[in-house]
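One structure is given below, encoded as structure tokens.
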There are 2 protein chains.
Amino acid sequence: MSTRTPTSGVFDTETRPATGPRVRNRVEVGDDAPVSISDRSTANRSALNAPSKSGSLGRQVARHLRSRIMQGEVSPGARLPSETEIAVDYGVSRVTVRTAITLLESQGLVDVRHGSGTFVSDFGTEIKAGIQELRSITETIREMGFTPSMERHKGETRAASEHESKRLDLMPGEQVLDLQRAVYADGEVVAYSFDVIPTKTLDAQMLERMGQGSVFEVFETIGITPARAMAELHAVSSQEIAWGPQKPEQGLFLLLDQVHFDKDGKPFMYSKSYFVEGRFQFVILRTR
Amino acid sequence: MSTRTPTSGVFDTETRPATGPRVRNRVEVGDDAPVSISDRSTANRSALNAPSKSGSLGRQVARHLRSRIMQGEVSPGARLPSETEIAVDYGVSRVTVRTAITLLESQGLVDVRHGSGTFVSDFGTEIKAGIQELRSITETIREMGFTPSMERHKGETRAASEHESKRLDLMPGEQVLDLQRAVYADGEVVAYSFDVIPTKTLDAQMLERMGQGSVFEVFETIGITPARAMAELHAVSSQEIAWGPQKPEQGLFLLLDQVHFDKDGKPFMYSKSYFVEGRFQFVILRTR
DNA sequence: ATGACGTAAGTCGTCCTACAACTTTGCCTA
DNA sequence: TAGGCAAAGTTGTAGGACGACTTACGTCAT
């Protein structure tokens, strides 16, 4: 056996913080001969069924490992089980585990050291507000522990401008939904959002719902899944952007100018998000 | 043989745009038995020696593939050679090629489709100024096709401020090198760089060289390799930042406020880079 | 001639086994 | 006690094999 006894079982580390009750998943695999050293073996194979059905096996494992790390099952700086252990745990090959870990490493979440092990990055868990991960503003606000809300300032259909139709790959003069909203976190305005959405793929009912809740939720109901976004960053100083009683005095914003693409590479939304400087912290983990 | 003849040899694709003269790398390996079907075999194995000596083999291959893609050897949307072909070409195993491609995929540079092939992302090549990849400003400028240059405005040692010593994990009052420089691209100022470097790990000679060329090159000579940077983004409007004849009038900047860490997680530099709004395009590819 | 279908080839995804390179620990020796 | 050596553990790379998926092409019935 190990002479170092670093981490023995299924993600329990010596420096583990107070974690919630470990959910033991029933083993319902049954295809390969179970190694079954004791109870704790191929325990997480079944866990890959639930919400992470999509994508390759490696991606599924990556997603699952990621959520476990984010939930604090392993404290930053602590070592993960060896690749072999994880492979046995999930009932997959070591190759699959490696692709998963490579993915996590490229996201800056873990730190792989040759001959030593894979460690949870010291920052890793802080990057929740990171830009590079594609998630909606409200989602990000919620993850940061605030309560997000929206106020619709404008919502009408009009012809797309030349610039917009170029970005969205539209014919000139095509109709778009012009959505202007203020984004709040705990009642304080943090951003002004200007979204432009082609109406050709939407019916009247959809148009109405767009104004209300999360835009992305509506897209999901019609089978459009955001896969990528091409974003530009700019500093903007202007009095023409904000409105309302909480309009910031100095008019200084960080602009996220981006086009959203679905999984087929088709653009489906063009949005300009003006973040009030100082109210919203953008953190990026840059890696080699 | 292939009945489809998609791409045959070493990265030549049917839809390739007008690329510059293909630089054929001399084969100067000599350690492993050359397969040598003709000229075009294990051609790129040697290419991994030159500037990309560091990191695992997979990373080296990734770096090399990346530069080839960036140079336009394959046009966006076109297919890369199969993993097997690339493996033979570089004289490495398919496993290594896969880790390389996984890396490129996570950076949004390529798009892997099961059963079909690996394709260069439509955006991919536009991300040259991407933030998430950790590279020096001068390096980025050079990759964009401009000629970078620097002008040192200030370079003196002083005691670290409280804020700086907190970021750099220093004792209060410790000495730091305060470096203030203007960054030019083709003679036009694009950024103002404020770097703070603890002097305890540097001797007098190093301090002098810091002001001259690339800061990162000096760090490399003393064995410090930048591995990560934790960056914050801000919009700044101020007249106190720039200097010189090209000082921008409106004083609007995009601030990249970042701490650099080496591979051991130790901070070794704190820098504020003020990019003149409009002169430098920040593009981020956001992925799920 | 044309359209649907099956087939075959190509490519990525996963698995297995083995070994090399590296790191850490701990014991052994001088 | 200090130094070095050996062993065990871990990640990196290799080679071969097969499954899953995609695409092009030829065949066959209409």
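Labels below follow one simple rule: chain letters A, B, ... track the order of the sequence lines, proteins then strands, and each chain is numbered from 1. A quick note: this is a predicted structure, and the numbers were derived from the prediction, not measured.
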Worksheet entry | Spatial distance of atom OG1 (T102(B)) from atom CZ (R98(A)) [nearest 0.5 Å] | 10.0 Å
Worksheet item: Can we say R66(A) and E105(A) salt-bridge, meaning some charged N sits less than 4.0 Å from an Asp/Glu carboxylate O?
Response: no
Worksheet item: What is the distance, rounded to the nearest whole Å, between atom CD of E105(B) and atom C1' of dG13(C)?
Response: 12 Å
Discussion item. I want to check one thing: is the phosphate of dC15(C), taken as OP1 and OP2, less than 4.0 Å away from some side-chain N or O of T96(A)?
Written reply: yes
Worksheet entry | Short N-O contact, R79(A) and D111(A), less than 4.0 angstrom | no
Practice prompt. Could you go through the side-chain contact (heavy atoms from CB on, under 4.5 Å) check for F261(A) and M230(A) one step at a time?
Written response: CA-CA 8 Å; F261(A) 300 87; M230(A) 192 71 169; 3.9 Å; yes
Discussion item. Output the rounded distance in Å from CD (Q60(B)) to C1' (dG12(D)).
Written reply: 12 Å
Discussion item. Could you measure the distance from the OH atom of Y270(A) to the CG atom of L168(A)? Nearest 0.5 Å is fine.
Written reply: 8.5 Å
Practice prompt. Please give the angle, rounded to 10 degrees, between the axes at the start and the end of the helix from dA1(C)-dT30(D) to dA30(C)-dT1(D), where five pairs define each axis.
Written response: 10°
Item to complete: Would you confirm whether the ring centroid of F219(A) sits within less than 6.0 angstrom of the ring centroid of H260(A)?
Response: no
Practice prompt. May I ask you to evaluate whether R94(B) reaches the phosphate of dG13(C), defined as a side-chain N or O under 4.0 Å from OP1 or OP2?
Written response: no
Worksheet item: Atom CD1 of I101(B) and atom P of dG13(C): how far apart are they, to the nearest Å?
Response: 9 Å
Item to complete: Using a cut-off of strictly less than 4.0 Å, decide whether R79(B) has a side-chain nitrogen or oxygen near OP1 or OP2 of dT11(C).
Response: yes
Worksheet item: Separation of E83(A) atom CD from dT13(D) atom C1', in whole Å?
Response: 12 Å
Worksheet item: Quick one: is dT11(C) close enough that its OP1 or OP2 comes under 4.0 Å of any side-chain N or O from T84(B)?
Response: no
Worksheet item: Would you say the base of dC12(C) and the side-chain of H114(B) have a donor-acceptor pair closer than 3.5 Å?
Response: yes
Practice prompt. Select one nucleotide: of dG13(C), dT10(D), dA21(C), the one nearest the side-chain heavy atoms of E85(A).
Written response: dT10(D)
Discussion item. Within the 4.0 Å heavy-atom criterion, would you say V95(A) contacts the bases, only the backbone, or no part of the nucleic acid?
Written reply: base
Worksheet, complete the sentence: Side-chain contact check for S82(A): nearest option of dT13(D), dT10(D), dT23(C) is dT10(D)
Discussion item. For a quick check of understanding: with a heavy-atom distance under 4.0 Å over all strands, which category does T118(B) fall into, base, sugar-phosphate or nothing?
Written reply: sugar-phosphate
Practice prompt. Rounded to the nearest angstrom, tell me the gap between atom CZ in F119(A) and atom P in dT23(C).
Written response: 12 Å
Item to complete: Starting at OG1 of T118(A), measure out to CD1 of I101(A) and round the result to the nearest 0.5 Å.
Response: 4.5 Å
Worksheet item: What is the distance, rounded to the nearest whole Å, between atom CG of L57(B) and atom P of dC22(C)?
Response: 11 Å
Discussion item. I want to check one thing: is the phosphate of dC15(C), taken as OP1 and OP2, less than 4.0 Å away from some side-chain N or O of S93(A)?
Written reply: yes
Practice prompt. Specify the separation, in whole Å, of atom CG of L80(B) and atom C1' of dT11(C).
Written response: 13 Å
Worksheet item: K166(A) and E174(A): salt bridge (Lys or Arg N to Asp or Glu O under 4.0 Å), yes or no, with the steps?
Response: CA-CA 11 Å; K166(A) 192 179 297 177; E174(A) 225 168 317; over 6 Å; no
Practice prompt. May I ask you to say what R113(A) touches in the nucleic acid, namely base, sugar-phosphate or nothing, with a heavy-atom cut-off under 4.0 Å?
Written response: sugar-phosphate
